[in-house]
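Protein chains get the first letters and strands the later ones, always in sequence-line order, with residue 1 at the start of each.
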Amino acid sequence: MSRTTLDLWVGLFVALGFAALVFLAVKVGSYTDAPGGATYTVEAAFDNIGGLKTRAPVKSAGVVVGRVGGIHFDSQSYRAIVRLDLQRRYEFPVDTSASILTSGLLGEQYIGLDPGADSEILEDGDKLQITQSAVVLEKLIGQFLFNKAAETPTHGASAQ
Amino acid sequence: MNALLRRIGAMTVDGVWRLGFMARFFLALLRCSGQSFRRLPLTIREIYFSGVLSLLIILVSGLFVGLVLGLQGYDILQRFGSSDALGIMVALSLLRELGPVVAGLLFASRAGSAVTAEIGLMKTTEQLQAMDMMAVNPIARVVAPRFWGGVISMPLLAAMFSAMGIFGGWLIGVVAIGVDDGAFWSQMRASVDFRYDIVNGTIKSFVFGVAVSLIAVFEGYDCQPTAEGVSRAITRTVVSSALAILALDFVLTSFMFRGL
């Protein structure tokens, strides 16, 4: 058995193929943190989660610190319970507040964590006490129109 | 009426018959596969014929698909003022769908048909029977290396197709139209996930590789040993490979990408 030019071409082909895969992996894709890796779970109850989805990022100060692990409806309190899988290396005080925010005008929704000042840190299974629901655009517009309608007569009266 | 029913019945029974034979053929192929790795030059020769020789058509098609995606994507995205997201659109559509599917279709028509023709002609000229007479198993010697050559080539070709397509989208978006280079790559990197998008796309192309290679070697092995039979087998390879790729793509997509 000896080397042939055929081997050279096949070697080149395989190398090119793997180069393409490496290009895709390094330049195009990014790694997210391993699911079920070193994370701890806390829960937060929201009145309204808007369009939040599982696997949405959890950010603090703009840095991704975890993922939304699951969402379910609690039929006792009629609120949405959101499970947050936070990375083990990030610690937050127990009075941290969670709010549902939107990246950009039409972007995806994510959970923002604002750390409190307590000296105790969140443990696995804890509940976040302070939460702020998603802003629902329809409600906001409704409120705006309502205010507008309420102020029009007084505006007219002052003009007279 | 009666004749029509009889024909439909015969076609159904024939189809089931072929499917059963194909399954048995696949098992026999897997059982003989050890040899195609122990005698690696056989497989390497087939990687050359189905992989290396498909390289040109794959790279050129990938480039043009990317160029078109760049133009069309920019045209749609700039209406919403989000032309920076061009990179995401090009990368995701290539990695998830177009890369594996179009590379698979090209691979079926470029390499699959050639494999069918080769095996079919070997059968027609009774070379396969001659091997059997010399106590050489034709499935181990002829069929298995061609099958594995295709299976190995296909994911690599699909990856090259996607990479080339992204390069094409970059050429149109960044170089020709003037989308910001940094936004193009950083937005792409932010929303393309390695496990979710790239690994799933590679699994797709691997499955298509198995399907196309199996259909190609089977149609060749099963063809009528006449000139007409070989030509019909080649047609069947291309048609059923295309159908298999598209149907499997739907099944795999519904498993992989459900937007959870």
Between B:T202 and chain A, with a heavy-atom cut-off of 4.5 Å, which part of the residue counts as in contact: side chain, backbone, both or neither? side chain

Just how far is it from atom CZ of A:F23 to atom CE of B:M160, taken to the nearest 0.5 Å? 13.5 Å

Turns out that what part of B:I166 lies under 4.5 Å from chain A's heavy atoms comes down to side chain

Output the distance between atom CG (A:L16) and atom CG (B:L59), rounded to the nearest 0.5 Å. 7.5 Å

A:W9 CH2 to B:L53 CG distance, which is reported to the nearest 0.5 Å: 10.0 Å

For A:G17 against B:A159, the heavy-atom pair lying closest together: O-CB, 4.2 Å

Contact winner vs chain A - B:G201, B:S153, B:A158, B:S162, heavy-atom pairs under 4.5 Å: B:S153

Other residues, nucleotides, ligands: >12 heavy atoms within 6.0 Å of B:F37 CZ: yes

Can you name the nearest heavy-atom pair linking B:R189 to A:K27, along with the distance? CG-O, 3.1 Å

So how far is it from A:L8 CG to B:Y48 OH, rounded to the nearest 0.5 Å? 10.0 Å

Using heavy-atom distances under 4.5 Å, tell me whether B:I152 contacts chain A through its side chain, its backbone, both, or neither. neither

Does CD in A:Q132 sit with more than 12 non-hydrogen atoms of other residues, nucleotides or ligands closer than 6.0 Å? no

Please report the interatomic distance CG(A:D7) to CD1(B:I44), rounded to the nearest 0.5 Å. 5.0 Å

Minimum heavy-atom distance between B:F194 and A:A25, given as atom pair plus value: CE1-CB, 3.2 Å

How close do A:L24 and B:I198 get, counting heavy atoms only, and between which atoms? O-CD1, 3.2 Å

If you compare all heavy atoms of B:L157 against all heavy atoms of A:F13, which two are closest, and at what distance to 0.1 Å? CD2-CE1, 3.5 Å

